[in-house]
Visitor: 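Okay, handing you the structure first.
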Amino acid sequence: MKAKPSKQQGFTLVELLVVIVIIGILASLITVAVTAALGAAKRTRILAEINQLTTEIERYKVEFGSYPPSTSLQLKAHVRDKFPRADARDINTIPDNLTPAEILWFCVRGYTSDPQRPVDFFNVTAKRSGNLVFDQGRLVQTRRWDHNPNTMGQLQSPRTQQQFVYAYVPQEGKGAPYVYFDCYKPFDATRFSQGPNSINDAARPYLTITNDPDPNKQVKRANDGKFQIISAGLDGLYGDQIANPSDLKSHKFFPDGINYTEGDKDNLVNFSERSLEDAKP
């Protein structure tokens, strides 16, 4: 007897299309999940570094009795007060108009052990009091500061009178540096840090609304009495500039998200364990 040949069954075109669609859906879901996980990991690394910077600023307060201010003029007075034996010419080497990003670098790196020349700004090899070892590959030169010996006094040889000012950028993100704002001195609405991506992109301290019955105390800075460290997050954007800095109502309010722009939403700060968007109530 002859065996009947078995009938081979294959996939129909419709079945193949269904399988392909299912594989495509699964692949897209996996891609979304992987992208989200990578983004979360990057944000976690930035927050960890913000915690390191926060620890250094807190250590600064323990050592010097107060947090560093966030303007050059106040910083010079602050150093003068903390180092009464310092040479005035040494203090005058602190660059003018330091930005909030430059001040963070300046203060976290610390001072020298020489009570007469604690700043010693032009000495790049001086051992300083800061504990954080900056990743040199992430220190960006923001500008060059030229020391003028005719107006400030001759501290070193003329060949060493030029030095760069730096800011520290996260390993993640798109090159926008960490910025620092003090929250214990009178609020200066004109202080901000320009972003690298747009003329409209700027970091300013975030405000918060209180339940104080005194109308003059119903608005204060987030993390009031201490300081703010702000990262522009993974998009490298701090957020659009405030249209009218003199009008407090036009400022940005944490955690409510009032006046946030797209750039603000993924910003990471030392007073929240989540991004500004995720911290909204």
Visitor: Say you draw a straight line from CG of Leu207 to CD1 of Ile242; how long is it, rounded to the nearest 0.5 Å?
Guide: 7.0 Å
Visitor: List the atom of Ile46, the atom of Pro170, and the distance in Å for their closest heavy-atom pair.
Guide: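 So the minimum-distance heavy-atom pair works out to CG1-CB, 4.1 Å.
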Visitor: Heavy-atom distance under 4.5 Å between the side chains of Gln241 and Arg204, does that happen here?
Guide: yes
Visitor: Are Gln163 and Phe121 close enough, and set up right, to give a side chain to side chain contact (heavy atoms under 4.5 Å, CB included), and what steps lead you there?
Guide: CA-CA 8 Å; Gln163 173 61 298; Phe121 184 78; 3.6 Å; yes
Visitor: Quick check against the 3.5 Å criterion: does Thr208 have a side-chain atom that pairs as donor or acceptor with the backbone of Phe254?
Guide: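 A pair under 3.5 Å: yes.
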Visitor: Show your reasoning for whether side chain to side chain contact (heavy atoms under 4.5 Å, CB included) applies to Glu172 and Arg43.
Guide: CA-CA 8 Å; Glu172 319 295 348; Arg43 286 189 289 272; over 6 Å; no
Visitor: Nearest 0.5 Å please: distance from the CG atom of Leu17 over to the OG1 atom of Thr12.
Guide: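 So the gap between those two atoms works out to 8.5 Å.
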Visitor: Taking the six-membered ring for Trp and the single ring otherwise, decide whether the centroids of Phe253 and Tyr206 are under 6.0 Å apart.
Guide: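 No; Tyr206 has its ring centre 6.0 Å or more from that of Phe253.
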Visitor: Distance from Asn270 atom CG to Leu53 atom CG, nearest 0.5 Å?
Guide: 9.5 Å
Visitor: Just verifying a value: how many Å separate Lys265 NZ and Thr261 OG1, rounded to the nearest 0.5 Å?
Guide: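 That separation rounds to 8.5 Å.
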Visitor: Kindly give the heavy-atom pair with the smallest separation between Asp90 and Asp120, and that separation in Å.
Guide: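 Between these two residues, the closest heavy atoms are OD1-N, 2.8 Å.
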Visitor: Can Lys249 and Asp247 be counted as an ion pair, charged N to O under 4.0 angstrom?
Guide: no
Visitor: Centroid separation under 6.0 Å, is that true for the rings of Phe83 and Phe64?
Guide: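 Ring centres of Phe83 and Phe64 closer than 6.0 Å.
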Visitor: Sequence neighbours excluded, which residues qualify as salt bridge (charged side-chain N to carboxylate O under 4.0 Å, His left out) partners of Lys280?
Guide: Glu277
Visitor: So if you build clusters from Ile, Leu, Val, Met, Phe, Trp, Tyr with side-chain heavy-atom gaps below 4.5 Å, do Leu98 and Leu73 land together?
Guide: no
Visitor: Can you list the other members of the hydrophobic cluster that holds Val169, where links are side-chain heavy atoms under 4.5 angstrom apart?
Guide: Val140
Visitor: Under a 4.0 Å N-O cut-off, is there an ion pair linking Lys252 with Asp264?
Guide: yes
Visitor: State, to 0.1 Å, how close Phe122 and Asp146 come at their nearest heavy-atom pair, and which atoms those are.
Guide: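 What the structure gives for the nearest pair is CZ-C, 4.5 Å.
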Visitor: Can you check whether Pro177's main-chain N or O pairs, donor with acceptor, with Ser231's side chain at less than 3.5 Å?
Guide: no
Visitor: By salt bridge (charged side-chain N to carboxylate O under 4.0 Å, His left out), which residues pair with Arg85, not counting sequence neighbours?
Guide: none
Visitor: Arg80: which residues meet the salt bridge (charged side-chain N to carboxylate O under 4.0 Å, His left out) condition with it, sequence neighbours left out?
Guide: none
Visitor: Do the rings of Tyr184 and Tyr67 sit parallel, tilted or perpendicular, given the 30° and 60° boundaries?
Guide: tilted
Visitor: Would you kindly say whether Ser275 and Asp278 are connected by a side-chain donor-acceptor distance under 3.5 Å?
Guide: yes
Visitor: Could I get the full list of salt bridge (charged side-chain N to carboxylate O under 4.0 Å, His left out) partners for Glu273, not counting sequence neighbours?
Guide: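 Result, salt bridge (charged side-chain N to carboxylate O under 4.0 Å, His left out) vs Glu273: none returned.
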Visitor: Among pairs that include at least one residue of residues 58-67, which meet salt bridge (Lys or Arg N to Asp or Glu O under 4.0 Å), considering only residues two or more places apart or in two chains?
Guide: Glu56-Arg59, Glu58-Lys226, Arg59-Glu63
Visitor: Could you report the tightest heavy-atom contact between Thr71 and Ile103, atom names first, then the distance?
Guide: N-CD1, 3.4 Å
Visitor: What distance do Ser70 atom OG and Phe227 atom CZ have between them, rounded to the nearest 0.5 Å?
Guide: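 It comes to 12.0 Å.
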Visitor: Taking Gln218 for its side chain and Asp212 for its backbone only, find out whether a donor-acceptor pair lies under 3.5 Å.
Guide: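 Between the backbone of Asp212 and the side chain of Gln218 there is a qualifying donor-acceptor contact (under 3.5 Å).
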Visitor: Does atom CD1 of Ile209 have more than 12 heavy-atom neighbours from other groups under 6.0 Å away?
Guide: yes
Visitor: Return the minimal non-hydrogen interatomic distance between Tyr60 and His78, and the atom names on each side.
Guide: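 In terms of heavy atoms, the two residues are closest at OH-NE2, 2.8 Å.
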Visitor: Apply the test side-chain hydrogen bond (donor to acceptor under 3.5 Å, both in side chains) to residues Thr99 and Asn97: give CA-CA distance (whole Å), side-chain angles for both, the deciding distance (0.1 Å), then the verdict.
Guide: CA-CA 6 Å; Thr99 69; Asn97 301 317; over 6 Å; no
Visitor: Would a 4.5 Å heavy-atom cut-off, applied to side chains only, mark Pro255 and Ser272 as touching?
Guide: no
Visitor: Do Val119 and Val124 land in one hydrophobic cluster if side-chain heavy atoms of ILVMFWY residues count as linked below 4.5 Å?
Guide: no
Visitor: Return the minimal non-hydrogen interatomic distance between Ala203 and Val179, and the atom names on each side.
Guide: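 Heavy atoms of Ala203 and Val179 come nearest at CB-CG2, 3.9 Å.
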Visitor: So, the side chain of Ser129 versus the backbone of Tyr111: is there a donor-acceptor pair under 3.5 Å, distance only?
Guide: yes
Visitor: Less than 4.0 angstrom from a charged side-chain N to a carboxylate O is my criterion; do Asp114 and Lys127 meet it?
Guide: no
Visitor: Are Ile230 and Phe181 close enough, and set up right, to give a side chain to side chain contact (heavy atoms under 4.5 Å, CB included), and what steps lead you there?
Guide: CA-CA 9 Å; Ile230 302 172; Phe181 295 100; 4.0 Å; yes
Visitor: For the backbone of Thr125 and the side chain of Asn123, can you confirm whether one donor and one acceptor N or O come within less than 3.5 Å of each other?
Guide: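 At least one qualifying donor-acceptor pair exists.
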Visitor: Please confirm whether the backbone N or O of Gly239 pairs with a side-chain atom of Asp201, one donor and one acceptor, at under 3.5 Å?
Guide: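 Confirmed, Asp201 side chain pairs with Gly239 backbone.
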Visitor: How many angstroms lie between CG in Leu104 and OH in Tyr166, if you round to the nearest 0.5 Å?
Guide: 16.0 Å
Visitor: Are the aromatic rings of Phe134 and Tyr168 close, with centres under 6.0 Å apart?
Guide: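 Between Phe134 and Tyr168, the centre distance is under 6.0 Å.
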Visitor: Please test Asp266 against Leu276 for side chain to side chain contact (heavy atoms under 4.5 Å, CB included), starting from the C-alpha separation and ending with a verdict.
Guide: CA-CA 6 Å; Asp266 83 329; Leu276 295 188; over 6 Å; no
